[in-house]
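Reckoned from all heavy atoms, side chains included, excluding hydrogens, waters and symmetry mates. Lettering of chains follows the sequences in order, A, B, ..., and the numbering in each one begins at 1.
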Amino acid sequence: MELIRAENLSKWYDERVCALKTVNLSVEGGEWISVMGPSGSGKTTLLNLVGCLDTPTSGTLRVCDVDITSLDQGGRARFRRENIGLVFQQFHLVPHLTALENVMLAQYFHSIEDECEATKALECVGLGDRLHHLPGHLSGGEQQRVCIVRALINDPKIVLADEPTGNLDRENEENVLEIFRGLHRLGKTVLVVTHNPEIGELGDRVVEMAHGEVVGCRGQKLYIPREF
Amino acid sequence: MLAKVLWRSLKARRQRLATAVMAILLGAAMVSALLTVTWDIRGEMGRELRSYGANFLLLPRDGGTIETEGLRIDDPAVADYAPYLYSIVDIGGRDVVLAGTWFEGARRIDPWWKVTGRWAEMDGEAMVGARAARELGVGIGGTLEIGGRQFKVAGIVETGSSEESQVFVRLEEAQLITGERGASLIQARALGDPRQAAERLEGRLGVRAKEVRQISESEALLLGKMQLLLALVTASVVGASTLAVAATMLTSVLEREREVGLMRALGAGSRHVAYLFLAEASILGIVGGLLGYLLGLVLVWFLGREVFGSPLPIEPAVLPITILASLAVALVGSLPPVRRALEVDPAVTLRGD
Ligand SMILES: Nc1ncnc2c1ncn2[C@@H]1O[C@H](COP(=O)(O)OP(=O)(O)OP(=O)(O)O)[C@@H](O)[C@H]1O
Ligand SMILES: [Mg+2]
């Protein structure tokens, strides 16, 4: 089933900077997509649009069968909490909340907190003894695992990860990638932005970007709209 | 969860929030002090009105009563006077203070009494204090049996003071009922300084004079002016504290833009974000209001001692009003910052590092 479909998607900042121009992309449910490209090529912009954090300047974007461009701010928030899990390079944990509370915060916005479930999820990634630590007292790898658990706790259909291992050493990188492999096996749709070709190769497909355009696609075929 | 997030973030930023609490506290202290003083001024005004009544009392020198047989005070300085004989009588099974007086004199001394119906005039007529009337269950036109005599209620008296639990009849009838002669005291009103007239009468009637302390008009005027001044100061302090709250909360929102952006990214709706900041503001408002009320008590105590020369009574209703006012200051002050928080763009705040 097609989960993400972008047609002629473009994004301009301040009517001068063109971060994305006419991107066409189709992603099937359960695919692992690696997004690669030089700095400034529009990778984060693309992820923000798919994650409904931002609105495109033109073009159409359907995610999970919802026309994202038609949603208002409240609708976008609702869409995000229902469908999207976000993993950041800088983790973005709330500094004054413990690991457990950071996870429960996502539950709170989604529906209701379930401390038991959150605890179990953190135990699954080896953080059972770090539940009540503040982010400042966790290592980068541990913080990233909290961030991933938080992204997954509401069972999103799509996981968007922007350089999830960019701030991690090899060992922690491997831990995080192992979690992503597990997600992939479970059939989650995953988009991972990375500079590391080795990590890129883990995906079913590698989408190459440059200057706001998709310039190449290894793996399966690039989606081409009918009129081309 | 909201409570947890609130608690943690309050704890993490307690120094900054202390500023906001201080701002609210000062406003609340002014509000509570003003309210207490205002409340008391009503009482002061009542006491002040009384000064149009008796300004000295004549009391028997050695217990007993003052002879009223043929009593006439024709001192040029004494404008009005009325003898009173007080005793406790049984009316319908209740003990009630019976006050016998000369209604003509009493009426001239206390023209401010609020009388529903009319003043009693003749034998067989009584006036009943409002509280006594309630307890005895009588109204205007009703009858009372006192010491075997029937009285018709001509009017109900409200004075805001002890008179309200008394029953008034003509002095001569009270004397017959109680078997007493004379009067317990004489209320008198002198023109100008009552002291000289009082001294003259002490010698002539063989009584003891006692001045009734009154609040002069100038004092009442001062109270009014002070009330106005306090109201102006309070209005500006409340305005200033609203601005201070707005500034503090705005800084708080700016500092937490990243956190708010993150919450947005996690799917927090406008509702979640607004609740968070408004709940924070409410806590600041309530805490500031409580502390401000306490500071206000100190202020009131000081004002009472230094300005009024007697402690001002503490009015319990001031506490909830002060807290509500502080809450309003905190919430109004938070509206601009909350609007700002709702405009946070997650895509922008989460970018960068
Ligand atoms: N808010 C913004 N206002 C103006 N220009 C922006 C804004 N956000 C991004 N851009 C520009 O859009 C272009 C694409 O940015 P984007 O962050 O998507 O690149 P990226 O591929 O993620 O780069 P990197 O690998 O360095 O993270 C860049 O030229 C960037 O300067
Ligand atoms: Mg980027």
Fill in: Residue part contacting chain A, namely of B/Leu342, when any heavy atom lies under 4.5 Å
backbone

Item to complete: Can you check whether anything in residues 277-299 of chain B gets within less than 4.5 Å of chain A, heavy-atom wise, and list it by number?
Response: none

Fill in: Proximal component of B/Ala12, with respect to chain A [non-hydrogen, under 4.5 Å]
side chain

Worksheet entry | Lys/Arg N to Asp/Glu carboxylate O, B/Arg351 vs B/Asp345, below 4.0 Å | no

Worksheet item: For B/Tyr275, does the OH atom have more than 12 heavy-atom neighbours from other residues, nucleotides or ligands under 6.0 Å away?
Response: no

Worksheet item: Is the shortest distance from a Lys or Arg side-chain nitrogen in A/Asp162 or A/Lys43 to a carboxylate oxygen in the other one below 4.0 Å?
Response: no

Fill in: Proximity breakdown for B/Ser9 and chain A, heavy-atom pairs closer than 4.5 Å
both

Worksheet item: Side chain, backbone, both or neither: which part of A/Tyr13 has a non-hydrogen atom closer than 4.5 Å to chain B?
Response: side chain

Response to the item:
residues 111-133 of chain A vs side chain to side chain donor-acceptor pair (under 3.5 Å), sequence neighbours excluded, gives A/Arg130-A/Glu142

Worksheet item: Tell me, side chain or backbone of A/Arg76 under 4.5 Å from chain B's heavy atoms, or both, or neither?
Response: neither

Practice prompt. Could you verify whether a donor N or O on one side chain and an acceptor N or O on the other, from A/Asn196 and A/Thr194, lie under 3.5 Å apart?
Written response: no

Discussion item. Parallel, tilted or perpendicular: which one describes the rings of A/Phe180 and A/Trp32, with boundaries at 30° and 60°?
Written reply: tilted

Worksheet entry | Engaged part of A/Phe88 at the chain B interface, taking heavy atoms whose separation is under 4.5 Å | side chain

Discussion item. Is a donor from one side chain sitting under 3.5 angstrom from an acceptor on the other, for B/Thr248 and B/Thr19?
Written reply: no

Item to complete: Check whether A/Thr98 gets within reach of chain B through its side chain, its backbone, both or neither, counting any heavy atom under 4.5 Å.
Response: side chain

Discussion item. Which atoms of A/Gln89 are under 4.5 Å from chain B, going by heavy atoms: the side chain, the backbone, both sets, or neither?
Written reply: neither

Fill in: Straight-line distance of B/Thr349 OG1 to B/Arg264 CZ, nearest 0.5 Å
10.0 Å

Worksheet entry | A/His137 side-chain N/O to A/Leu134 backbone N/O, donor-acceptor pair under 3.5 Å | no

Practice prompt. Give, as side chain, backbone, both or neither, the part of A/Leu86 having an atom under 4.5 angstrom from any heavy atom of chain B.
Written response: side chain

Worksheet item: Charged N to carboxylate O below 4.0 Å: is that the case for A/Glu7 and A/Arg5?
Response: yes

